[in-house]
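First up is the structure itself, then whatever we jot down about it.
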Protein chains: 2
Amino acid sequence: MLESNKPKDCQNLCNDFHSTIEFLGKRWMGIIIYSLFKGPKRYHEIMENIPGISDRLLTERLRDLEKEGLIVKRILPTPKRKVEYELTQSGKKLEDVFLTIVAWTQAKNES
Amino acid sequence: MLESNKPKDCQNLCNDFHSTIEFLGKRWMGIIIYSLFKGPKRYHEIMENIPGISDRLLTERLRDLEKEGLIVKRILPTPKRKVEYELTQSGKKLEDVFLTIVAWTQAKNES
DNA sequence: TATATAACTTACTAATAGTAAGCTTAAATA
DNA sequence: TATTTAAGCTTACTATTAGTAAGTTATATA
C-alpha cells in the first residue's frame, strides 16, 4: 500500500510524504496507532478507547497495520481467547510524528 | 470540521490529535499543503504538481483549507484571471510535522 | 470569428466507510 | 447439563466520499 499510487513527477521527499500520509490518513488509522503508544492492547480495549469506530473497520485497519509491519498480533495461550496488538519498533517511532501534530494543534487553537 | 466528531472518553491530547489527523488525513489534503511550502501557487500549478488529483477534489480541499484558516486565496488584479493560494502562518507551521513524517518514512524504508 | 486557457461547477459512477446481523469458541452461570 | 455471555471476528447491505466527464464564464490569442 505504501508503494502504490505514486505521483510521477514530484521528487523523492514528496513521494515519501505522499505514500505515508495516504496510509496514515485513512479513517481511524491515526487514532488506532495513538491508542497503542501506551503499550499492547486487546481488540475490545482498542474499541473502547475509540468511540465511534466500528468493529469492521477496526479489524480492517489492524490488518493493514500488520501488513505494513507497524503492529504485531499475538494470540495468547491463556484461558479465554485473548488477542493482543502491539506496535513494532517502526510503529513506536511514529510517536514523534504524533507529538508534533498535537503541538501544532495546540498552538493553532491558542492563537 | 476540526471541531466535529470528537471521541468522548479520551483525553485532550487525544482529541487534539484525532481532530487534526481526520482533517489532514482527507485524501490529497497533505500533499496539497506540501506543495505550497515552497511559496504561493496558482490553481493549475498545484494540479500539475499532484499527478492523479481531480479538479473537483482540488477545489473542495482548497475550500476546506480556507475555512480552517490554513491558506488564503488571492485573486490578483492582473489581466487574465489569476488566482493564487498561499499558506497562512498556521499553515506554514505544518512544515515541522511534514518533515517528521518524511524522516520516519525514510528510516522505515532503510531498515 | 474561432479556438484556447484558467478556474471552477454540475451530474453521474465507483470506491470506501458505516450499520446491522450473524458466526465460532470458550467460559460462566442457572 | 443447558443456556447465556463475551471476544474477536465475517458477511451483507446502505450511506458517504472520491473519481470522471462534461459544461460554464471570462479573457486572450490566431
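Order of the sequence lines fixes the chain letters, A, B, ..., with proteins taken first and strands second; residue numbering starts at 1 for each chain. Given the structure is predicted, the values throughout are model-derived calculations rather than measurements.
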Which nucleotide wins on minimum distance to the side chain of A:R61, given the candidates C:dA17, D:dA18, C:dC8?
C:dA17
With no angle test and no hydrogens, is the base of D:dT17 tied to the side chain of B:R27 by a donor-acceptor pair under 3.5 Å?
no
Counting just side-chain N and O atoms, does A:Y85 come under 4.0 Å of either OP1 or OP2 of D:dC9?
yes
Report the nucleotide, chosen from C:dC8, C:dG18, D:dT10, that has the shortest atom-to-atom distance to any side-chain atom of B:K73.
C:dC8
Using atom CD1 of B:I71 as one end and atom P of C:dA7 as the other, report the distance to the nearest whole Å.
13 Å
Of the nucleotides C:dA7, D:dC9, C:dG18, which has the atom closest to the A:R63 side chain?
D:dC9
Any donor-acceptor N/O pair, A:S90 side chain to A:L70 backbone, under 3.5 Å
no
What is the distance from CG of B:D55 to C1' of D:dG23, rounded to the nearest Å?
12 Å
Inspect the contact between A:E66 and A:R63 and indicate whether a charged nitrogen and a carboxylate oxygen are less than 4.0 angstrom apart.
yes
Nearest-0.5 Å distance that lies between atom CG in A:L62 and atom OH in A:Y43
7.0 Å
Starting at atom CG of A:L57, determine the distance to atom C1' of D:dT10, rounded to an integer number of angstrom.
14 Å
Looking at A:E22 and B:W28, would you say the former's side chain and the latter's main chain have a donor-acceptor pair under 3.5 Å?
yes
Nearest to the side chain of A:R42, heavy atoms from C-beta on, is which of C:dA6, C:dA11, D:dG8?
D:dG8
Roughly how many Å is it from CD in B:E48 to P in C:dA7, rounded to a whole number?
10 Å
Could you give the CG-to-P distance, from B:L58 to D:dT20, as a whole number of Å?
14 Å
Side chain of A:W28 (C-beta onward), nearest among D:dA18, C:dC8, C:dG18
C:dG18
Closest-nucleotide mapping onto DNA chain C: is B:R56 or B:H44 further toward the 5' terminus? I mean the 5' end.
B:H44
Check each of A:R42, A:K41, A:K73, A:R74 against A:E86 using the salt bridge (charged side-chain N to carboxylate O under 4.0 Å, His left out) test, and report the only one that passes.
A:R74
Of the nucleotides D:dT20, C:dA7, D:dA18, which one has an atom closest to the side chain of B:S54?
D:dT20
For the pair made of NZ in B:K82 and P in D:dA28, what is the distance, rounded to whole Å?
13 Å
Rounded to the nearest angstrom, tell me the gap between atom NZ in B:K41 and atom P in C:dA6.
16 Å
Atom CD of A:E60 and atom C1' of D:dG8 are separated, to the nearest Å, by 16 Å
